[in-house]
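One structure is given here, and the rest of the page talks about it.
Note that the structure is a prediction, hence the values are computed from the model and not measured. Because only heavy atoms are used, hydrogens play no part in the values below, and waters and symmetry mates are left out as well, while side chains stay in.
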Amino acid sequence: MHQFYVTDLQKSDSNEEQGLYQFVATFADKTKCRIFYEKNPDWKISSVTRLLTVPCPICRRDYFCNCLDRFTDVIHREIQDSGLLPE
């Protein structure tokens with residue numbers, strides 16, 4: 001199982017009326033990704049998009065890939081366990 005070690009989560013946009021939130025997450029290896037969350041009433045990841053600042057931590061490619069989509073459950077669990085999500 002792949003570990004991502006989410007070190008930071010910053011809210012970048014939200015539509016609280018519809019329960020949609022956008023965060024920028026930073027992993028321990030300095031990879032950054034944009035995470036789209038829905039909150040109705042619990043937090044759930046709707047999609048993950050890697051920001052192209054460093055190669056993908058999974059496939060090491062330097063261009064767009066969908067590797068992080070396979071690990072949304074792991075990423076969400078790490079964010080929850082770290083207490084980074086707002087209440």
Once rounded to the nearest 0.5 Å, what's the spacing between atom [atom1] of [X] and atom [atom2] of [Y]?
X	Y	atom1	atom2	result
Gln80	Ser82	CD	OG	10.0 Å
Leu51	Thr49	CG	OG1	8.0 Å
Asp73	Glu78	CG	CD	12.0 Å
Ser14	Leu20	OG	CG	9.0 Å
Ile75	Ile45	CD1	CD1	6.0 Å

Do Leu52 and Asp62 make a side-chain contact, defined as non-hydrogen atoms from C-beta onward lying under 4.5 Å apart? no
With no hydrogens and no angle check, is any side-chain donor or acceptor of [X] less than 3.5 Å from a backbone partner on [Y]?
X	Y	answer
Thr31	Phe27	no
Arg50	Pro57	no
Ser12	Gln22	yes

Before giving the answer on salt bridge (charged side-chain N to carboxylate O under 4.0 Å, His left out), spell out for Glu17 and Lys39 the whole-Å C-alpha distance, their side-chain angles and the decisive distance to 0.1 Å. CA-CA 10 Å; Glu17 184 177 298; Lys39 185 179 182 188; over 6 Å; no
Are [Y] and [X] connected in a single hydrophobic cluster, I mean Ile/Leu/Val/Met/Phe/Trp/Tyr linked by side-chain heavy atoms less than 4.5 Å apart?
X	Y	answer
Trp43	Val74	yes
Val24	Ile79	no
Phe36	Leu85	no
Tyr21	Leu84	yes

In short, Ala25 meets Ile35 closest at the heavy-atom pair CB-CD1, 3.7 Å
In terms of heavy-atom contacts, Thr53 and Lys30 come closest through OG1-O, 4.2 Å
Starting from the C-alpha separation in whole Å, work towards a yes-or-no answer on side-chain contact (heavy atoms from CB on, under 4.5 Å) for Phe71 and Val48. CA-CA 9 Å; Phe71 296 96; Val48 177; over 6 Å; no
Is the His76 ring parallel, tilted or perpendicular to the Tyr37 ring (thresholds 30°, 60°)? tilted
